[in-house]
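Both counts, for ligands and for their atoms, begin at 1 and track the order of listing.
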Amino acid sequence: MRVSRYLGIWVVAGVLIADGRAGSPSEKINRIVDFDEDGVTITSNFEGGRLNAVTSGGEGVFTATIAPEVRPMSNDQSWYAFKISSQSKRRVSVALTYTDGKSHLFAPRISHDRRTWELLPETSISKASDGRGVVLRLDVGPEPLWVSAQELFTESDFNEWIDGLAKKPFIATAQIGESTQGRPIRKMEITEAPPDAPLVVVLGRQHPPEVTGTLGLQAFVETIAGDSALAQSFRKQYRVLVMPLANPDGVNAGHWRFNVNGVDINRDWGSFEQKEDVVLRDEILRARSVAKEQMPFFIDYHSTRKDVFYPRPDVKSKKPDSELEEPDRFMRKWLARVKTLTPGRTVPIEVSPATRDKKLNATTWMRDLGAASVTHEFAHDTDREVIRKAGEADAVALMELLPRESASRLGD
Ligand SMILES: [Zn+2]
């Protein structure tokens, strides 16, 4: 009832809202705005787009409403993305107003071509009178201006990236299943090794707004797929299974956290009630079986308010190495090597929120299967070049240490 009343208010306010569906019990909010008034067009009708309403105050002053995908919403990653154009060149102001007591989080990024992005200058942003939103001053014209919480990197971008990499003879791609809404979930396999070689697993984008995690994952994967002698040697000994887009429905819908069922798919790695997790799990188990249960390493890329590593708790405990199980001992070595490869970058190693909540996330589940496992989180605003170097270091540390580790084990 409440959602349809909101819908009515917004329609009366002169807003066309498409795809308005109310879910129960979570009251899913999954709407698209197509606004055209006062010579100005504002739309969120594209992959990753998100605004829930727009109203005009006249004279180039607009108010955009942004709501989370479920109520109540526990998460604060208040994603927005829209495209704005005007019949004539002019300066407009767009207030971003957040519902449900939520606040503005992401510094706006703008693009004229959806590929190259820059931060909107701070001089073009002021705090809204409610203390939670912001007012953006935007120079617009007939060519569309993209305004987004982060660089847009959605399903079509993943496809382009995957298909580009797959031109290399040692990278194969396949669809491993479908999301809740029937979108393909794809994998890459990078290897020049025999089919039963040990398996490394890389996962990304369980959470829709976490674009910096994707940037780290891309650097990791491209380093393993690179031309260095280290990478060539590594690929002859290991298979690398990459599933870079775990939650395509949520990413394309501009969600803050969840899949289209309003579920955090990184808290479902025990109950496996969501289609996405079942697809990912089945692929991992299939590949692990082919690898004769050898699965030495797993990394899951995310974003949050700071750069941080979440390994399993034993890794950061005071236990001496000799008392650790082998995957945790290896994780300690890997984290130490990553640190030396990224001088000047101090990244804390912490116990993950999922672990504190006693919920099974991918990293816990993979550690239980015997893999040295870690979640690598990047802050939303970490410098993009720093992210690239960090993702490269993750890969280099792995390629340096894993073969050495295996060799010493064979010698035992
Ligand atoms: Zn996340």
Are any of the side-chain nitrogens in Arg115 or Glu160 under 4.0 Å away from the carboxylate oxygens of its partner? yes
Please verify the inter-ring angle class for Trp269 with Phe272; under 30° counts as parallel, over 60° as perpendicular, anything in between as tilted. perpendicular
If you take the centroid of each ring, where Trp contributes its six-membered ring, are Phe106 and His104 closer together than 6.0 Å?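 So the answer is no for these two rings.
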Centroid-centroid under 6.0 Å between Phe82 and Trp146 rings: no
Close to the Zn ion (ligand 1), meaning under 2.8 Å, how many protein N, O or S atoms are there?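 That number is 4, waters not included.
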Answer yes or no for Arg367 and Phe298: cation-pi contact, defined as NZ/CZ to six-membered ring centre under 6.0 Å and angle to ring axis within 45°. no
Taking the six-membered ring of Tyr98 as reference, does the NZ or CZ atom of Arg132 fall below 6.0 Å from its centre and within a 45° cone about the axis? no
